[in-house]
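One structure below.
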Amino acid sequence: MDFSNKLIYWYLDNKRDLPWRNEVNVYHIWLSEVILQQTKIVQGIDYYLVFCKNFPTIFDLAKAGEDEVLKLWQGLGYYSRARNLHSTAKYIVENFNGEIPDNYNDLLKLKGIGDYTASAIASICFNEPKAVVDGNVYRVLSRYYNVSTPINSPKGIKQFKQIAQSKITKYDPGTYNQAIMELGALICKPKKADCNICPIQKDCKAYINNNVYSFPVKEKKIKIKKRFFNFLVIDIDGDQTILEQRRQNDIWKNLYQFPLVESENEIDELEIVKTIIFSNLIKDDNYKISLYNTKPIIHKLTHQQINTKFWIIKIKGNLDRTIKWKEISNFAVPILIHNFIENFKK
DNA sequence: AAAGCGTGGGA
DNA sequence: TTCCCAAGCTT
């Protein structure tokens with residue numbers, strides 16, 4: 001039996017029982033694929049169920065507001081996925097009468113759907129033989145075929161797509177795609193690979209050469225940018241506060257936060273009250289400011305390290321654009337803000 | 001085409 | 001602690 005069929009047989013015996021594997025519904029498959037981009041199944045599975053429950057059809061998703069979609073996405077990260085998912089749902093309802101395109105080429109044109117997702121949907125839902133190449137596939141193929149081209153180089157991306165495409169079965173390509181990914185997730189793992197029970201161990205070059213962990217090859221290290229965030233947590237009589245929406249093309253776009261003073265370095269109270277942002281917010285001297293967390297909270301992202309201070313500013317009287325503290329959970333906020341709010345309540 | 005975009009878990 | 005990784009996409 002060849003590579004592909006071994007994978008398929010292994011998969012049929014060993015696949016996990018996951019909610020989106022129970023039936024083929026294009027909308028559900030699309031939803032699951034977007035949620036799982038750069039995301040582990042354990043992390044995404046509850047979000048998938050919540051989205052299915054709140055938006056049973058693409059029409060329900062299209063009808064929703066972006067704030068509502070982002071709120072349900074809160075905590076999952078990479079929020080452009082949610083914005084694109086929602087935008088594409090509206091687009092499909094408006095232009096295609098709610099019918100999701102049934103082929104790779106048309107799927108690829110949609111916002112938030114790239115080569116991987118278009119291939120996954122086309123193969124699983126429409127039996128189109130387009131090979132998926134995700135992190136699992138890179139790992140399995142690079143080990144099995146001893147390919148050391150960096151997987152994050154243009155050359156590597158092209159090469160692995162070509163290898164994967166040459167292996168896909170015309171019969172049930174969706175099952176083949178899921179099989180190779182499942183093998184990568186369950187057996188051919190980054191660390192602690194279970195080569196002893198691997199169905200394709202016998203012909204795996206890396207196993208034979210005893211250098212499984214030399215693959216896949218990745219080049220370039222990312223450098224981490226340090227940023228300093230000072231959130232101004234206005235507290236009006238313990239009843240109201242202020243949130244603003246992040247509009248810039250930056251992390252957490254369209255999510256909400258407390259008014260923010262970003263600085264080049266760590267700053268103190270004296271510098272905070274001198275800022276324009278502070279004085280635009282607080283018009284008189286009738287306030288009391290204090291630092292909530294004595295040590296900056298370090299929030300780590302893939303490319304950034306955010307040193308965060310929460311400044312509590314107690315005032316009396318009125319301010320514009322306030323919200324009630326008890327309504328704050330209606331807003332989609334970064335997990336950093338969410339954690340603060342949960343802690344601050346106590 | 002390189003860089004930016006989250007969060008959490010495991011080694 | 002630090003680093004790596006996770007069903008990638010966009011600009």
Side-chain angles (χ1 to χ4, degrees), chain A residues 11 15-16 18-21 28-48 70 73-85 87-88 107-121 123-124 130-140 150-158 160-161 164 174 176-186 188-193 213 216-225 227 246 248-255 298-306 332-339:
Chain A
Y11 174 75
K15 65 177 177 179
R16 290 167 289 183
L18 302 172
W20 48 86
R21 285 182 176 162
H28 285 168
I29 297 298
W30 172 40
L31 202 48
S32 71
E33 292 300 344
V34 173
I35 286 173
L36 293 176
Q37 288 167 6
Q38 296 288 282
T39 303
K40 289 186 174 140
I41 285 174
V42 287
Q43 195 190 352
I45 196 161
D46 288 344
Y47 287 83
Y48 172 79
L70 283 173
W73 201 273
Q74 176 180 303
L76 195 55
Y78 284 153
Y79 297 94
S80 67
R81 293 183 292 171
R83 299 194 309 267
N84 287 334
L85 182 76
S87 156
T88 293
L107 287 162
L108 195 55
K109 295 173 186 162
L110 301 171
K111 263 199 276 183
I113 296 186
D115 178 75
Y116 165 80
T117 305
S119 300
I121 297 173
S123 64
I124 294 171
K130 289 283 184 181
V132 296
V133 184
D134 73 333
N136 294 303
V137 176
Y138 281 123
R139 195 165 53 253
V140 172
I151 61 170
N152 55 349
S153 66
K155 187 180 168 195
I157 292 168
K158 199 175 163 188
F160 280 98
K161 176 76 181 182
Y176 163 79
N177 274 337
Q178 294 183 84
I180 188 169
M181 290 192 285
E182 193 81 334
L183 186 88
L186 300 183
C188 195
K189 296 175 283 190
K191 300 162 187 173
K192 296 182 63 171
Y213 300 112
V217 174
K218 198 182 277 190
E219 69 184 7
K220 302 163 204 163
K221 270 199 189 172
I222 57 172
K223 61 163 182 250
I224 295 179
K225 184 167 76 174
R227 299 174 74 176
R246 295 180 62 86
Q248 324 85 309
N249 280 322
D250 192 2
I251 52 169
W252 306 324
K253 183 177 178 183
N254 289 9
L255 273 67
I298 312 290
H299 187 74
K300 292 178 176 173
L301 294 81
T302 308
H303 297 258
Q304 301 183 30
Q305 175 182 307
I306 302 187
V333 297
I335 206 69
L336 171 65
I337 304 284
H338 174 78
N339 290 342

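Throughout, protein chains are lettered first and strands after them, A, B, ... in sequence-line order, and every chain is numbered starting at 1.
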_Partners passing side chain to side chain donor-acceptor pair (under 3.5 Å) against A/Asn254 (at least two apart in sequence or in another chain)_ = A/Glu66
*Starting at OH of A/Tyr138 and ending at C1' of C/dC4, how long is that distance when rounded to a whole Å?*
17 Å
*To the nearest Å, give me how far apart OH (A/Tyr116) and P (C/dA6) are.*
13 Å
*Contacts of type side chain to side chain donor-acceptor pair (under 3.5 Å), residue A/Thr88, not counting sequence neighbours*: none
*What residues, two or more places apart in sequence or in another chain, satisfy side chain to side chain donor-acceptor pair (under 3.5 Å) together with A/Gln74?*
A/Lys71, A/His338
*asked:* Say we look at B/dG10 and C/dA7: how far apart would their P atoms be, to the nearest angstrom?
replied: 15 Å
_With rounding to the closest Å, how many angstrom separate the C1' atoms on C/dT10 and B/dA1?_
12 Å
_In whole Å, I'd like the distance from the CD atom of A/Gln304 to the P atom of B/dG4._
8 Å
*Base, sugar-phosphate, or nothing: which does A/Lys218 touch, judged by heavy atoms less than 4.0 Å apart?*
sugar-phosphate
*Indicate, with a heavy-atom threshold strictly under 4.0 Å, whether A/Ser32 touches base, sugar-phosphate, or nothing.*
nothing
*Scan A/Asn249 against the nucleic acid and name what it touches under 4.0 Å (heavy atoms): base, sugar-phosphate only, or nothing.*
nothing
*Quick one: A/Lys225 NZ to B/dA3 C1', roughly how many Å, whole number?*
10 Å
*Using distance alone, with no hydrogens and no angle criterion, decide if A/Thr117 and A/Gln37 have a side-chain donor and acceptor under 3.5 Å apart.*
yes
*Looking across every strand, which nucleic acid part, if any, lies under 4.0 Å from A/Ile157 by heavy atom: base, sugar-phosphate, or nothing?*
nothing
*If the sugar-phosphate is the primed atoms plus P, OP1 and OP2 and the base is the rest, what is the B/S/- string for nucleotides 6-11 of chain B, using protein heavy atoms under 4.0 Å?*
BBB-BS
*All salt bridge (charged side-chain N to carboxylate O under 4.0 Å, His left out) counterparts of A/Arg227, not counting sequence neighbours*: A/Asp250, A/Glu262
*asked:* Counting the atoms with a prime plus P, OP1 and OP2 as sugar-phosphate, which does A/Trp30 contact under 4.0 Å by heavy atoms, base, sugar-phosphate, or nothing?
replied: nothing
*asked:* Can you measure A/Asn84 atom CG to C/dT10 atom P for me and round it to whole angstrom units?
replied: 6 Å
*Rounded off to whole Å, could you give me the CG-to-C1' distance for the A/Leu110 and C/dG8 pair?*
15 Å
*Only counting residues at least two apart or in another chain, list the ones meeting side chain to side chain donor-acceptor pair (under 3.5 Å) with A/Lys111.*
A/Ser87
*Whole angstrom is fine here: how far is it from CD1 in A/Ile151 over to P in B/dA1?*
18 Å
*Taking it one step at a time, do A/Leu36 and A/Ile41 satisfy side-chain contact (heavy atoms from CB on, under 4.5 Å)?*
CA-CA 7 Å; A/Leu36 293 176; A/Ile41 285 174; 4.0 Å; yes
*What's the CG-P distance between A/Leu85 and B/dC5, to the nearest Å?*
21 Å
*Using heavy atoms to find the nearest nucleotide of DNA chain C for A/Met181 and A/Lys111 separately, return the residue whose nucleotide is more 5′.*
A/Met181
